[in-house]
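Data block below; observations after.
Because only heavy atoms are used, hydrogens play no part in the values below, and waters and symmetry mates are left out as well, while side chains stay in. Each ligand, and each atom within it, is numbered from 1 in the order the structure gives.
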Amino acid sequence: MSQIVPPASVRTHLRVPLRFADGYATTARVFTFDGLVDGGEHLAIGLGDRAGAFTPNGHKGAPPLVRPHSECLTGDVLGSERCDCGAQMSHAVKHIADAGGYLLYLRQEGRGIGLYAKLDAYALQDAGLDTYEANLALGYAEDERDYTAAAQMLLALGQSRVALLTNNPDKAAQLRRLGVTVTEQVPTGVHLSTANARYLAAKARRGEHTLDLPPGPHETWPTDGAVAQQPYRLS
Ligand SMILES: [Zn+2]
């Protein structure tokens with residue numbers, strides 16, 4: 001049974017040329033919205049054939065490839081190696097630009113607890129808690145992210161059917177409840193380094209992410225930020 005989300009509408013859209021640190025360049029169409037339930041300044045970033053002229057319901061072919069990406073200032077902007085967000089985002093942009101679709105840039109830093117609280121949680125992780133235990137110790141839920149605005153944005157773009165680029169089953173489950181048909185769940189890359197190994201292990205163990213990480217102690221895992229090639233399983 002799907003919930004009905006309040007309607008939102010496209011407020012503006014404009015072309016923005018992108019160039020990433022590794023030199024990869026593409027052009028995006030960036031969308032802003034009116035009517036998002038939480039009042040956040042979330043963006044939809046159209047890539048590939050979705051970077052062209054926008055006409056609602058104008059694409060009748062395969063569903064767009066969509067990645068809901070939660071803002072991570074430390075990972076996305078500063079290149080922090082405590083998580084894999086920056087690598088996930090650039091990988092997703094390339095994948096979506098090839099397939100045609102949208103990266104939804106959602107302003108819910110630190111799994112929804114905010115930037116300062118996330119940095120407080122990092123301090124607790126340095127004392128031995130994992131990423132979920134640290135959120136709980138600070139009085140937050142393990143994961144406070146809500147994808148209602150993401151569903152509103154997709155529906156405002158005329159996209160009620162999407163292929164979802166994620167390893168996180170909660171994103172697909174929430175979007176389905178919110179009235180978006182997820183036709184396929186496409187796994188994302190695993191970006192493993194010595195600095196984020198404990199974080200990724202906690203995501204796989206506690207968040208039920210479909211990360212097929214190498215067995216054994218983390219110290220034996222490959223490092224140097226090497227991107228494992230499709231070591232995933234579909235769920
Ligand atoms: Zn991050």
What residues form a ring-ring contact (aromatic ring centres under 6.0 Å, His included) with F31, not counting sequence neighbours? H13, F54
State whether a side-chain donor-acceptor pair under 3.5 Å links D146 with T148. yes
Using 4.0 Å as the upper bound for N to carboxylate O, is an ion pair formed by R82 and D126? yes
Protein N/O/S count near the Zn ion (ligand 1) (criterion: distance under 2.8 Å): 3
ring-ring contact (aromatic ring centres under 6.0 Å, His included) partners of H69, counting only residues at least two apart: Y105
Between R111 and E144, is there a salt bridge with N-O shorter than 4.0 Å? no
Using residues 18-26 as the side-chain source, report each donor-acceptor pair under 3.5 Å to any protein atom, sequence neighbours left out, with the distance given to one decimal.
| residue | atom | partner | partner atom | Å |
| --- | --- | --- | --- | --- |
| R19 | NH1 | G23 | O | 3.2 |
| D22 | OD1 | Y24 | N | 2.9 |
| D22 | OD2 | K94 | NZ | 2.4 |

